[in-house]
Amino acid sequence: GWRNAGLLNSDYSYRPAFIAYKTMSEQLYGSHYNSAVNYGAGIEAYEFTQAGERVQVLWALDPGSTLPIEVPAAQFISAQLRDGSDYSPTLVGDVYQFDVTFTPLFIRLTQ
């Protein structure tokens with residue numbers, strides 16, 4: 001029911017929305033909003049500050065698109081998808097390359 005909008009199934013098992021909410025809560029716990037981040041057209045991105053690190057959450061605006069971005073390797077700490085699984089970007093020279101899709105991505109960077 002409710003067009004897959006609930007957090008739990010009738011047996012109280014987690015639905016995808018619950019897992020995404022849990023991941024976001026874990027990634028942003030204790031953080032403070034910093035600003036919007038400009039990764040170019042078609043990408044929505046926001047940055048938060050947390051315990052000496054920056055956490056960016058970003059996604060493509062078009063559900064069918066995959067857009068490339070780069071992050072300096074010297075600043076990169078980790079990245080996770082909305083389900084909490086690790087995302088491994090590609091190291092090319094001194095930058096990490098990411099493919100940004102409609103699925104939110106959390107990138108943790110040094111300050």
Side-chain angles (χ1 to χ4, degrees):
W2 296 19
R3 298 182 187 228
N4 293 315
L7 294 176
L8 301 173
N9 291 307
S10 60
D11 65 354
Y12 300 106
S13 61
Y14 301 151
R15 297 183 53 82
F18 179 92
I19 295 167
Y21 184 74
K22 180 179 180 286
T23 300
M24 182 190 69
S25 296
E26 291 170 352
Q27 288 293 320
L28 299 180
Y29 180 79
S31 67
H32 301 280
Y33 175 74
N34 217 11
S35 64
V37 180
N38 183 2
Y39 275 110
I43 295 177
E44 187 90 10
Y46 299 95
E47 182 174 276
F48 300 82
T49 304
Q50 176 191 75
E53 297 176 355
R54 295 177 293 146
V55 179
Q56 295 180 349
V57 57
L58 53 149
W59 61 92
L61 295 172
D62 178 9
S65 66
T66 299
L67 302 169
I69 66 160
E70 294 181 343
V71 170
Q75 296 176 8
F76 178 72
I77 298 172
S78 65
Q80 287 187 316
L81 296 172
R82 73 173 174 204
D83 65 359
S85 63
D86 291 333
Y87 178 99
S88 298
T90 303
L91 180 61
V92 178
D94 61 350
V95 297
Y96 277 107
Q97 294 180 338
F98 293 81
D99 288 328
V100 179
T101 65
F102 192 62
T103 299
L105 174 65
F106 295 90
I107 301 175
R108 193 168 292 276
L109 305 165
T110 61
Q111 277 201 334

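No experiment lies behind these values; they were computed from the predicted model shown.
For the pair S13 and D11, the tightest heavy-atom approach, listed with the atom from each and the gap, is OG-OD1, 2.6 Å. For P104 against V57, the heavy-atom pair with the smallest separation is CB-CG2, 4.4 Å. Summarising the geometry of S65 relative to A60, their closest heavy-atom pair is OG-CB, 3.5 Å, with the distance given to 0.1 Å.
When the side chains of ILVMFWY residues are joined at heavy-atom separations under 4.5 Å, either directly or via intervening members, I19 and Y12 end up in a single hydrophobic cluster. Clustering ILVMFWY residues whenever any of their side-chain heavy atoms sit less than 4.5 angstrom apart, transitively, puts F18 in a cluster other than the one holding M24.
In this structure, OG1 on T23 lies 9.5 Å from CZ on R82, to the nearest 0.5 angstrom. A distance of 8.5 Å separates CZ in F48 from CZ in F106, rounded to the nearest 0.5 Å. Distance CD/Q111 to CD/Q50: 10.5 Å, rounded to 0.5 Å. We find the CD-CZ distance between Q80 and R108 to be 8.0 Å, quoted to the nearest 0.5 Å. Between E47 atom CD and N34 atom CG the span is 4.5 Å, to the nearest 0.5 Å.
Annotation for Y33: atom OH counts as buried by contact number, over 12 foreign heavy atoms lying within 6.0 Å.
Counting heavy atoms from C-beta outward, E53 and I77 have side chains that approach closer than 4.5 Å. The shortest distance between side-chain heavy atoms of Q75 and R54 falls below 4.5 Å.
Side-chain atoms of D83 come within 3.5 Å of backbone atoms of S85 as a donor-acceptor pair (strictly under, hydrogens ignored).
Other residues sharing the hydrophobic cluster of V71, ordered by chain and number and joined by side-chain separations under 4.5 Å: V37, Y39, I43, L58, L67, I69, F76, L81, Y87, L91, Y96, F98, V100, L105, I107, L109.
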